[in-house]
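Side-chain atoms are counted along with the backbone in the values below, which use heavy atoms only and exclude waters and symmetry mates. Quantities reported herein were computed from a predicted structural model and do not represent experimental measurements.
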Amino acid sequence: MPSPANADPNATRHVPRGPGRPNTPPGGMRRPGGPGPGVPGAGVPGPGGPRRPGEEPTDLLPPVHQTVAREPELLTHREDEIELEPFYDDEYDEELTPEEEKALRRKKIWRRVRRVSYVGLSLMILGPIVAFAIAYQLVEVPNPQETASKQDKAITILYSDGSVMTKIAPSGANRTMITYDQIPEPVKQAVFAAEDPTFMTNPGFDFRAIARAGWYQVTGRKSGGSGLTQQYVKQATEQDDETLSRKFTEVVKAYKMSEQQDKKEILTSYLNTIYFGRSAYGIKEAAKVYFNRNDLNELTLSEAALIAGMIQNPSKSENQAYSQERWTYVADNLVKFGFIDQGARAGLAYVPPVPLAEVNNNGLDGTRLFIRMQVEAEMERNQWGLERAQKLGVTVHTTIDPAMQTAAEEAVDEVMEGQPEVLRTSMSAIDPATGAVRAYWGGTGQGIDYQTGTLQEPGSSFKPFDFVAALQKGEGAGKLYDGSSPRTFPGRGPDNPVRNSPGVRCDVPTQCSVREAMIKSINTVFFDMALKIGTGKVAQAAHQAGIPPKVEVGGKTYTLLEDENGNAPDANISIGGGTTQVRPFDMTSTYATFAARGVYHEPFFITKITNSKDEAVYTHTDVTRPAFDPDPQKSQDIADNVTDVLKHIPGKSNIPCANGRECAGKTGTHELPNSQENSKAWMVGYTPSLAAGVWMGTDSGTVALKNKKNEMIYGSGLPGQIWKKFMDKALANAPKETFPKPKPIGELEAPKITPTTTTPKDEDKDDEKKTTTGRPTTTRDEPTTTTTRQTKPSCGGLFPACPTTTTQPNEPDPIGGGSQPTR
């Protein structure tokens, strides 16, 4: 056995294969640089004694697999064949290079990651299984009879004085539960196609639908992931919060129900209790309220498709565009999932449901039914839809004043008695201090709510927003503009100039203040103003006052006061024409902002909702802001300056408020294309405590407005008369209020100007009667009296046909060019 002293210095040394390097062997073995205990040559720098010059120091080489000498009597085999397993010890850290240390750390971290991943994966697999198994034992499957009994509570709707407006009971509250044999095949097919095509084969839930719904939620979209069984569980348990725990429990209950009941039982329970809209729970009641069918077998496949389509969003039952969209979806799915073939699909046609008024049994009809619909819509927006409300049996406290509502109905009835049946009108009234809707008259005809269900051109009633934009720039009511007519502007050349109403002119030719232009509704002044200030500023002012940027009308979303490319509108916005369209209800809201001295309050119908213990479960929160400037004082000053001009108009339009009560407002008309005849007429106005707006038109928007005497209707005509009667009745017992004196912005008054004698333009020459204006030297904000004489104006351009007519001060209010019929 060779000794360390004579060991072969060229013996093979084994180097570690990995980036890490093992260190000192366990006790008794030699470290590099010296032998271990009991080894000859201790204290010698290396094997064999001192190294020769230039020789590599073997004691500094890695000790791994290095031949180690031991005492001969303890060896049973050759020691140079012993290979030691590599291991690690902190004592040898100094021997590793930085690269080796980094590699070793990565190796250790990755080892830990793998181990944690194995544990996590195991928990991910086993955890849900264990949780599902435990939950399966604990949950209870809902009972159909108990579920139905929970849906039989009525909703009470109150007027603002606490008197009962109506009660909404679930349609068919005492209903008889149908059996599976009573469900016709078209109903089954339609419901499957609409909600759960794999219902007959899935285990109570659809993995793909749930995954899709989860992905939509992550990406910010909405999609239902619940099959029929899950929907029934949610309906029965009254749990609809968007949490993972609720969804997990729902899936477990759905699976357990599928295990304990067959598909026929589950489908029957579902169709007996699900909500379909129109206060109808269960398919049998839905057939009654949608199509007046007392027997389910009378339903056609097309009718069943519409009813099934409404399950997803029953609150939109009166939105025909939405119901038609859902019908199309269900009809297409009938083909997609093999319930019918393409030939049968081609034979299906959408059939609209019968008007709600014909099947409504909740104590309201006619125009007051629109109030209930507005209340229901607001409940839905505030997470208190009819489903939830009927399960609790709530009481809804509204803002509608019964006396003012009656005043609105009487005003319409008195003015419209004997008028042509083609005429349509609507009105609303709002408390400026709060935004509370005090009266709402949606109109009659075709089941359309003409306050929020249509878009209309506002005509000259939009001109106050031109003035707001001017005031924001610092221009006041006394600012002078050229009010001559006709005038050309960029984009409106000699072949299509802007004109004023026939016979309407400034007191002094080409010198017209904004105040005078507003009172006389001089188009050329406001067209010029909007171009100079910017049409986008006018649109902005209207939005600030209360015109929403987007509205949903007829199931479609419209962006208001922009052109088709989303840019600022053209100058026709200055006179409420062209593509400028608004909802009548929003115009009332904007004038309420003027009445509130520049403070916008979002309109609302519900003050609170209480439960059976008279505890409030919902309370209205005022959504308010300074309208025309972030500084409340500046916003107030702008509104006061507008009111100071508009307060002259009701009197000049022969519709002043009774008993000398101060009121302000603006009339407006919109003409038929290529005609001088009007298609829409408006009057919107206010006192310090009440704002009201009246619109009049026709269903098509293409019929000339004529009264029973076959006279043209202007804003100061039938709409103005309705507005005056309503204001006088509604405020008969209210104290008189006056408008505050405004803090002047810019030129509050125009300078005194001595008029000069001018030669009438060719368009004004005629031997027929016409409206003229006296022109004495006067302070410009004092409206002059008017006289009337016959005229037959030479019309052209925007007014190719001008029948003989008698005009009134401030009327007519025709629109400039570019007018478009109602869309």
Side-chain angles (χ1 to χ4, degrees), residues 144 148 151-152 169-197 199-200 228 231-232 235 263-314 316-320 322-335 337-341 343-362 365 369 386 446-447:
Q151 301 170 340
D152 293 344
S171 179
N174 299 317
R175 62 188 180 274
T176 301
M177 308 286 277
I178 63 171
T179 64
Y180 181 80
D181 294 337
Q182 294 174 309
I183 306 173
E185 198 63 26
V187 170
K188 297 176 191 175
Q189 294 175 343
V191 171
F192 292 157
E195 295 297 314
D196 193 351
F199 171 75
M200 297 304 294
L228 296 189
Q231 290 182 44
Y232 172 71
Q235 182 93 352
K263 294 293 185 178
K264 293 181 180 180
E265 290 178 290
I266 297 173
L267 178 62
T268 304
S269 298
Y270 175 84
L271 291 178
N272 273 325
T273 56
I274 201 71
Y275 183 60
F276 287 89
R278 292 193 166 195
S279 302
Y281 285 90
I283 187 64
K284 189 167 185 178
E285 297 310 313
K288 289 181 182 179
V289 299
Y290 277 95
F291 295 106
N292 258 335
R293 308 293 193 194
N294 292 314
D295 187 344
L296 289 179
N297 289 306
E298 296 176 357
L299 283 175
T300 66
L301 180 58
S302 181
E303 292 170 342
L306 185 146
I307 294 174
M310 297 312 300
I311 294 173
Q312 184 183 83
N313 198 338
K316 292 188 175 182
S317 61
E318 306 316 299
N319 187 325
Q320 184 169 329
Y322 176 80
S323 68
Q324 188 162 0
E325 175 188 328
R326 288 295 297 165
W327 177 89
T328 301
Y329 171 81
V330 177
D332 290 344
N333 272 5
L334 286 169
V335 178
F337 295 103
F339 296 110
I340 62 175
D341 58 27
R345 168 67 179 88
L348 295 179
Y350 170 80
V351 179
V354 298
L356 182 60
E358 294 183 17
V359 294
N360 175 64
N361 61 355
N362 290 313
D365 56 13
L369 184 59
L386 290 186
Q446 306 299 317

Inset, instruction - In sequence, state the C-alpha distance, the side-chain angles, and the governing distance for Lys263 and Tyr180, and then conclude on side chain to side chain donor-acceptor pair (under 3.5 Å). - result: CA-CA 10 Å; Lys263 294 293 185 178; Tyr180 181 80; over 6 Å; no
Legend entry - Rounded distance [0.5 Å steps], CD in Gln312 versus CD in Glu195: 6.5 Å
Legend entry - Tyr270 and its side chain to side chain contact (heavy atoms under 4.5 Å, CB included) partner, picked from Ile311, Ile283, Asp196: Ile311
Legend entry - Expected output: side-chain Tyr290 to main-chain Phe276 donor-acceptor under 3.5 Å: yes
Legend entry - Gln189 side chain vs Pro186 backbone, donor-acceptor pair below 3.5 Å: no
Inset, instruction - State the CD1-CD1 distance between Ile183 and Ile178, to the nearest 0.5 angstrom. - result: 4.5 Å
Legend entry - Note, Val335 side chain near Asp341 side chain (heavy atom, < 4.5 Å): no
Legend entry - Separation between CZ of Arg293 and CD1 of Ile307, rounded to the nearest 0.5 Å: 9.0 Å
Inset, instruction - Decide yes or no for Phe192 and Phe339: does some side-chain heavy atom of the first lie under 4.5 Å from some side-chain heavy atom of the second? - result: yes
Inset, instruction - Could you pull out all residues at least two apart from Asp332 that satisfy side chain to side chain contact (heavy atoms under 4.5 Å, CB included)? - result: Thr328, Arg345
Inset, instruction - Check for a donor-acceptor pair, side chain of Thr268 on one end and backbone N or O of Thr179 on the other, with a separation under 3.5 Å. - result: no
Legend entry - Distance in Å, Lys284 NZ paired with Asn294 CG, rounded so as to fall on 0.5 Å steps: 8.0 Å
Legend entry - Euclidean distance, Asn292 CG relative to Glu303 CD, rounded to 0.5 Å: 10.5 Å
Inset, instruction - Kindly indicate whether the side chain of Asn313, heavy atoms from C-beta on, has any atom under 4.5 Å from the side chain of Asn319. - result: no
